[in-house]
Engineer: 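The structure follows.
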Amino acid sequence: IASWNGMISGYVKNRMIKDARKIFDVMPERNVVSWTSMVRGYVQEGGMSEAESLFRQMPEKNVVSWTVMLGGLIQDGRIDDARRLFDEMPEKDVVARTNMISGYCQLGRLAEARQLFDEMPRRNAISWTTMISGYSQNLQVDVARKLFEVMPEKNEVSWTAMLTGYTHCGRMEEASDLFKRMPEKSLTACNVMILGFGQIGKVFEARQVFDWMREKDDGSWSAMIKGYERNGFELEALDMFASMQRARVRANFPALISILTICASLAVLNHGREIHAEVIKSQFDSDVFVASALITMYVKCGNLLRARMVFDRFTMKDVVMWNSMITGYAQHGFGEGALQVFREMHSSGMMPDDVTFVGVLSACSYTGRIKEGMEFFESMSSVYMIKPT
RNA sequence: CCACCAGAAAUACGUUCGG
């Protein structure tokens, strides 16, 4: 039975939920782990209705099963449902409580988070870190710091969470002090420092940290590149990218996005195309986020044909990708193209959002279609329930 | 009792305009 479960978990980890389900249906007998893995699979796919119905059918549940379901609700933004489930749990361990706390923190409901935290019979490093990072992300650095000071066993992640609190507020002096005191300066912590310095325009300090690091990952490179780009050092940014390739660091997907964004804002087509090749090599071309960034890059470089090719090749389009294409045409004065894409979007059944209409309406105004524009404007609230902003 | 069969924490992430 353990090996059957192993197969399920393998499929789930590779996002092959359908195959996981096949195994689940075929296996001679199932235990809690089988059920829980399956629920987990649906949760990570965002298939909450399947997850919930499976969860309800479970012959027996343990803490882990409950926690998986709890995590699903939290991830889905249904925090109050999550809380109800939490209250129903027959037993709650550290993990379950920490998960609930994290859910509140994500929504900025710190008081509720804190209360759960204070009521915990036992805490571990993760619970502490969760609470600290909750305060950090909601700009309550000083409260975070107080907790941090009394926290018993700090690990790398706790230090970094605290550090982020300062960098997000631009309080770099305090961040630097903390950074100096860190027993182990992890990669992530260094990246945080680079980003922090970049945010307040201190690119040289950022570069110092970057040069001091003895190992860097793609995040370090893209943090540095971003710092240059944001502060008007575009050429340095591109230079960094070249060096990164020379160092044979393979850009991963967020890094690619931020580099593509730079190419887009600088409208440097040849670099952009190199990166496109890179994207295809790394197989990120099947990612919606990357594809949208590519489209925008081509649009900004004035190459609408290529943009359109990327667009057409992609089957699982989401709103943002549609928007990229529509506004792309609109920006270049191709009102007809924009409207055509909008019609395609409509017939594909995708719901437009407010950004879509920015594109559509500006397309109308460029081409002097006052009447059509007015009609679209009307339909926003009447058909699509979007309020004009 | 132990070996990754299931659960929680840190940085970076796409579209318009603005900032």
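A note on names: the letters A, B, ... follow the listed sequences, proteins ahead of strands, and every chain is numbered from 1.
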Engineer: Given A12(B), C5(B), G14(B), which nucleotide is nearest the side-chain atoms of Ser222(A)?
Structural biologist: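 Taking heavy atoms from C-beta onward, the closest nucleotide is A12(B).
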Engineer: Who passes side-chain contact (heavy atoms from CB on, under 4.5 Å) against Arg248(A), sequence neighbours left out?
Structural biologist: none
Engineer: I need the full list of salt bridge (charged side-chain N to carboxylate O under 4.0 Å, His left out) pairs touching residues 196-206 of chain A, with sequence neighbours left out, sorted by first then second residue.
Structural biologist: none
Engineer: With sequence neighbours left out, what residues match Asp142(A) under salt bridge (charged side-chain N to carboxylate O under 4.0 Å, His left out)?
Structural biologist: Arg171(A)
Engineer: Counting heavy atoms from C-beta on, name the nucleotide in U11(B), C5(B), G7(B) closest to the side chain of Asn5(A).
Structural biologist: C5(B)
Engineer: Separation of Met131(A) atom CE from A10(B) atom P, in whole Å?
Structural biologist: 13 Å
Engineer: Given A6(B), is OP1 or OP2 found less than 4.0 Å from the side-chain N or O atoms of Lys61(A)?
Structural biologist: no
Engineer: Tell me, please, which residues at least two apart from Glu119(A) pass side-chain contact (heavy atoms from CB on, under 4.5 Å).
Structural biologist: Gln115(A), Leu116(A)
Engineer: Below 3.5 Å, can you tabulate the donor-acceptor pairs from side chains in residues 331-342 of chain A to any protein atom, sequence neighbours excluded?
Structural biologist:
from, atom 1, to, atom 2, distance (Å)
His332(A), NE2, Val299(A), O, 2.7
Glu336(A), OE1, Arg369(A), NH2, 2.7

Engineer: Heavy-atom contacts under 4.0 Å between residues 133-154 of chain A and RNA chain B, which residues?
Structural biologist: Ser133(A), Gln137(A)
Engineer: Does anything in residues 169-191 of chain A come within less than 4.0 Å of RNA chain B? Heavy atoms only, and list the residues if so.
Structural biologist: Thr188(A), Asn191(A)
Engineer: Pull out every residue in residues 111-121 of chain A that has a heavy atom closer than 4.0 Å to any atom of RNA chain B, ordered by number, or say none.
Structural biologist: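 None - not one residue of the stretch has a heavy atom sitting under 4.0 Å from the strand.
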Engineer: Strictly by side-chain hydrogen bond (donor to acceptor under 3.5 Å, both in side chains), give each pair with a member in residues 52-62 of chain A just once, sequence neighbours left out.
Structural biologist: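 Only Glu52(A)-Arg78(A), Asn62(A)-Ser65(A) qualify under side-chain hydrogen bond (donor to acceptor under 3.5 Å, both in side chains).
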Engineer: Report the residues that fulfil salt bridge (charged side-chain N to carboxylate O under 4.0 Å, His left out) with Glu112(A), sequence neighbours left out, ordered by chain and then residue number.
Structural biologist: Arg109(A)
Engineer: Could you go through the side-chain hydrogen bond (donor to acceptor under 3.5 Å, both in side chains) check for Tyr228(A) and Arg207(A) one step at a time?
Structural biologist: CA-CA 9 Å; Tyr228(A) 279 134; Arg207(A) 182 57 186 260; 3.0 Å; yes
Engineer: Taking ring pair (Phe, Tyr, Trp, His ring centres under 6.0 Å) as the test, write out the residues that go with Tyr166(A), two or more places apart.
Structural biologist: none
Engineer: Quick one: side-chain contact (heavy atoms from CB on, under 4.5 Å) partners of Asn31(A), sequence neighbours excluded?
Structural biologist: Ile1(A), Asn5(A), Val33(A), Ser34(A)
